[in-house]
Amino acid sequence: MRASRLISILTILQARGFATAPELAEECAVNLRTIYRDIDAMSEAGIPIYSERGSGGGYRLLDGYRTQLNGLSAKEAEALFMSGLAGAATDMGLGSVMMAAQNKLLSAMPASLREGALEMRSRFYLDAPAWFSQSEQPQYLPMVADAVWEQKRIHIRYQSWKGVKERTLEPLGMVMKGGSWYLVGRVDDMPRTYRISRIQEIAVLDQHFPRPAPFDLAAYWRKSTERLEQGMHGNTATIRLSPRGAKWREAFLSPYVYSEMQLSSELDAEGWCTATIPVGSLPMACAEILRFGGDAEVLEPPELRQKVMEAVANMISIYKI
């Protein structure tokens, strides 16, 4: 495992030219002390790695040093054919480009690797949308993708929750989440998220913009979704669940609520258990509880219990003969 890690460090430095110790530790899934020991061992072995001190310090290879340890292993070659999202590429107008790239890669591979890569493509398929839903096909998706790639500013007319707005922004990246496409665009030096299907009009401007050097799309998206989920579930509720309700909680609750749920192992005389769950607004929390039907009861807070009672009473009045 250490030999593989040393090769990974070497190829990372060769590909990027520079990397900090924390970055190498994260890439190799080890702690900082292990990275420091690995760097010392590589230096003792004659590999020309030198360090740059200071707050922005890290490691570099001596200019001109190259290694030939960048050949693909069988598993790496197979994994490449799992990384391409064929459906997403097609939506962006890049389906034929991806297919051509994969064909070129296949033709350049040794026969021993080619067979495994083809088998990987035939055995695994990514279906991004959730069950009983379809992937969005935004009208302006290809234009947005081109603007992201060309680093050109765009002017959009956008349907937000508060109404129709117009924005001129710098498109930094795109994310596909649950079958929906989102644009991360910078406005007034702040990245913001826009659902591409809500763009009503778009104009790609003949204005290039410099991409912010430290911007990490994946890191931004993770932090953004965490803030959104926490913000939408700022309160907690205590509920009772029947044995059937406890069994079906993963199917009825949203992924975030299910992951944060605290379920008691103690059962009452009827076999019911109590649980604490994060909740947001009263209407959203009520809708989530009603999915359980008669297999859940709200204990706290009183206002949520009252909201569920009112919803049930309304349903009874609708179906009353």
Quick check: do L24 and L32 have side-chain heavy atoms less than 4.5 Å from each other?
no
Salt bridge (Lys or Arg N to Asp or Glu O under 4.0 Å) filter on E23, not counting sequence neighbours, yields none
Determine whether N235 and P301 make a side-chain contact, defined as any pair of heavy atoms from C-beta on separated by less than 4.5 Å.
no
Would you compute the distance between atom CG of L241 and atom NZ of K247 and round it to the nearest 0.5 angstrom?
14.0 Å
Output every pair passing ring-ring contact (aromatic ring centres under 6.0 Å, His included) with a member in residues 28-60, not counting sequence neighbours, ordered by first then second residue.
none
Side chains of K152 and Q207, heavy atoms from C-beta outward: is any pair under 4.5 Å?
no
Tell me every residue that passes salt bridge (Lys or Arg N to Asp or Glu O under 4.0 Å) with E266, counting only those two or more places apart in sequence or in another chain.
none
Over all heavy atoms of both residues, which pair between A237 and L304 is shortest? Give the atoms and the distance, please.
CB-CD2, 3.7 Å
If you look at every heavy atom in V187 and T168, which pair is closest and at what distance?
CG2-O, 4.1 Å
Determine all donor-acceptor pairs shorter than 3.5 Å in which one atom belongs to a side chain in residues 275-286; sequence neighbours excluded.
unit_1: S281; atom_1: OG; unit_2: M284; atom_2: N; d: 3.4

Once salt bridge (Lys or Arg N to Asp or Glu O under 4.0 Å) is applied, what residue pairs with a partner in residues 271-295 remain, sequence neighbours excluded?
R244-D295, E288-R291
Just verifying a value: how many Å separate L61 CG and L13 CG, rounded to the nearest 0.5 Å?
5.0 Å
Once ring-ring contact (aromatic ring centres under 6.0 Å, His included) is applied, what residue pairs with a partner in residues 259-317 remain, sequence neighbours excluded?
F252-F292
Does atom CD (E250) have a neighbourhood of more than 12 heavy atoms from anything else shown, all under 6.0 Å?
no
Under the side-chain contact (heavy atoms from CB on, under 4.5 Å) rule, collect the residues that match up with E226, sequence neighbours excluded.
none
When hydrophobic residues are tied together by side-chain contacts of less than 4.5 Å, even through go-betweens, does L205 share a cluster with M143?
no
Does atom CD of E303 have more than 12 heavy-atom neighbours, drawn from other residues, nucleotides or ligands, at distances under 6.0 Å?
yes
Using the rule given for side chain to side chain contact (heavy atoms under 4.5 Å, CB included), can you reason through I239 versus L299, listing the C-alpha separation, both sets of side-chain angles and the distance that settles it, and then say yes or no?
CA-CA 5 Å; I239 62 175; L299 301 178; 5.9 Å; no
With heavy-atom distances below 4.5 Å as the criterion, would you say the side chains of Q200 and I156 are in contact?
no
Linked hydrophobic residues, F215 as query - side chain contacts closer than 4.5 Å
L172, V175, Y182, V184, F209, L217, Y220, W221
Give the intermediate values and the outcome of side chain to side chain contact (heavy atoms under 4.5 Å, CB included) for residues R5 and V30.
CA-CA 9 Å; R5 189 172 65 247; V30 295; 3.8 Å; yes
Does any donor atom in the side chain of H208 or E150 lie under 3.5 Å from an acceptor atom in the other side chain?
no
Can you tell me how far OG of S8 sits from CG of D38, rounded to the nearest 0.5 angstrom?
10.0 Å
If you round to the nearest 0.5 Å, how far is CZ of R167 from CD1 of I202?
15.0 Å
Between C273 and A246, the two heavy atoms sitting closest are SG-CB, 4.2 Å
Evaluate the criterion side chain to side chain contact (heavy atoms under 4.5 Å, CB included) for residue pair D146 and V204; output intermediate values, then yes/no.
CA-CA 9 Å; D146 283 343; V204 179; over 6 Å; no
Do I154 and M190 belong to the same hydrophobic cluster, where Ile, Leu, Val, Met, Phe, Trp and Tyr are linked whenever their side-chain heavy atoms lie under 4.5 Å apart, directly or via other members?
no
Between the main-chain N or O of R249 and the side-chain N or O of Y258, is there a donor-acceptor pair closer than 3.5 Å?
no
Do L6 and L10 come close enough that some side-chain heavy atom pair is under 4.5 Å?
no
About how many Å separate CG of L183 and CG of L169, when rounded to the nearest 0.5 Å?
6.0 Å
With sequence neighbours excluded, what pairs up with D268 under the salt bridge (Lys or Arg N to Asp or Glu O under 4.0 Å) test?
R240
Can you tell me how far the CD atom of E27 sits from the OG1 atom of T11, to the nearest 0.5 Å?
9.0 Å
Listing request: all salt bridge (Lys or Arg N to Asp or Glu O under 4.0 Å) pairs with a residue in residues 184-203, at least two apart in sequence or in separate chains.
E136-R195, E170-R186
Evaluate the side chain to side chain donor-acceptor pair (under 3.5 Å) criterion for residues S43 and D40: first the C-alpha distance (whole Å), next the side-chain angles of each, then the deciding distance (0.1 Å), finally the verdict.
CA-CA 5 Å; S43 297; D40 289 340; 5.5 Å; no
Output all residues satisfying salt bridge (Lys or Arg N to Asp or Glu O under 4.0 Å) with E44, sequence neighbours left out; order by chain, then residue number.
none
Would you check, one step at a time, whether the test side chain to side chain donor-acceptor pair (under 3.5 Å) holds for H155 with E166?
CA-CA 7 Å; H155 185 82; E166 295 194 14; 3.0 Å; yes
Any side-chain heavy-atom pair of I199 and Y194 under 4.5 Å:
no
Taking the side chain as every heavy atom from C-beta outward, state whether S259 and M261 have any atom pair closer than 4.5 Å.
no
With R60 via side chain to side chain donor-acceptor pair (under 3.5 Å) - residues at least two apart:
E52
